[in-house]
Peer 1: 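For reference, the structure I am asking about is given below.
Heavy-atom basis, side chains included; hydrogens, waters and symmetry copies ignored.
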Amino acid sequence: MEHLPTPAQQMVVQLPDGTHAYAPMPSQQAQQPQVVHIHQAAPDRTVQRVALGTGVGAGAVASAVYFGPLLIAAITSMALSLAVVALVVVVVGWATVTVVRTVAGTAKAKR
């Protein structure tokens, strides 16, 4: 049990609104280590911090750094290809409808 930190001593203070709250002793505040929360990390580093924090090896972190942008590029490329195919389908459909209406109108006028 010697390896456990000693519990921080706290005192009760009265807040301006009249309620009471626990506050750390002034001498204890300077000894507290600075804690950086994971949600304050840059978005591209959050996955790596989670991976390292859960005990995943450096290989998994390196692969996330390498394959993450690669995966995003592949998905973007597929989305652009599908957008071009959709545009071609719309143009061909529009052209087909226009030609059919024109041919049908010409045939109707000849009768």
Side-chain angles (χ1 to χ4, degrees):
M1 296 289 278
E2 295 85 24
H3 64 282
L4 295 176
T6 59
Q9 295 180 351
Q10 295 185 346
M11 63 180 180
V12 178
V13 294
Q14 187 173 7
L15 300 176
D17 63 354
T19 59
H20 291 82
Y22 287 104
M25 298 290 278
S27 63
Q28 297 288 330
Q29 288 179 343
Q31 298 173 0
Q32 298 285 338
Q34 177 68 28
V35 177
V36 177
H37 294 285
I38 195 163
H39 65 273
Q40 294 174 341
D44 59 339
R45 300 286 181 222
T46 302
V47 173
Q48 287 81 15
R49 286 192 180 188
V50 169
L52 289 174
T54 57
V56 175
V61 175
S63 66
V65 170
Y66 181 76
F67 288 113
L70 196 64
L71 179 64
I72 297 300
I75 291 172
T76 303
S77 175
M78 287 187 285
L80 287 175
S81 298
L82 288 174
V84 169
V85 168
L87 180 65
V88 168
V89 167
V90 167
V91 169
V92 168
W94 173 78
T96 303
V97 168
T98 303
V99 168
V100 167
R101 285 182 181 170
T102 303
V103 170
T106 306
K108 190 176 184 181
K110 287 185 178 180
R111 282 195 257 164

Peer 1: Applying side-chain contact (heavy atoms from CB on, under 4.5 Å), name anything that partners I72, two or more places apart in sequence or on another chain.
Peer 2: T76

Peer 1: Report, one line per pair, each donor and acceptor closer than 3.5 Å where one atom sits in a side chain of residues 93-103; sequence neighbours left out.
Peer 2:
residue, atom, partner, partner atom, Å
T96, OG1, V92, O, 2.8
T98, OG1, W94, O, 2.8
T102, OG1, T98, O, 2.8

Peer 1: Taking ILVMFWY side chains as joined if any heavy atoms are under 4.5 angstrom apart, and letting links pass through other members, which residues group with L70?
Peer 2: Y66, F67

Peer 1: Only counting residues at least two apart or in another chain, list the ones meeting side-chain contact (heavy atoms from CB on, under 4.5 Å) with I75.
Peer 2: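 Per chain and number, I75 pairs via side-chain contact (heavy atoms from CB on, under 4.5 Å) with L71, M78.
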
Peer 1: Report the distance from atom OG1 of T19 to atom CG of D17, rounding to the nearest 0.5 Å.
Peer 2: 3.5 Å

Peer 1: Ignoring hydrogens and angles, tell me if any N or O in the side chain of S81 forms a donor-acceptor pair with the backbone of S77 under 3.5 Å.
Peer 2: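 At least one qualifying donor-acceptor pair exists.
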
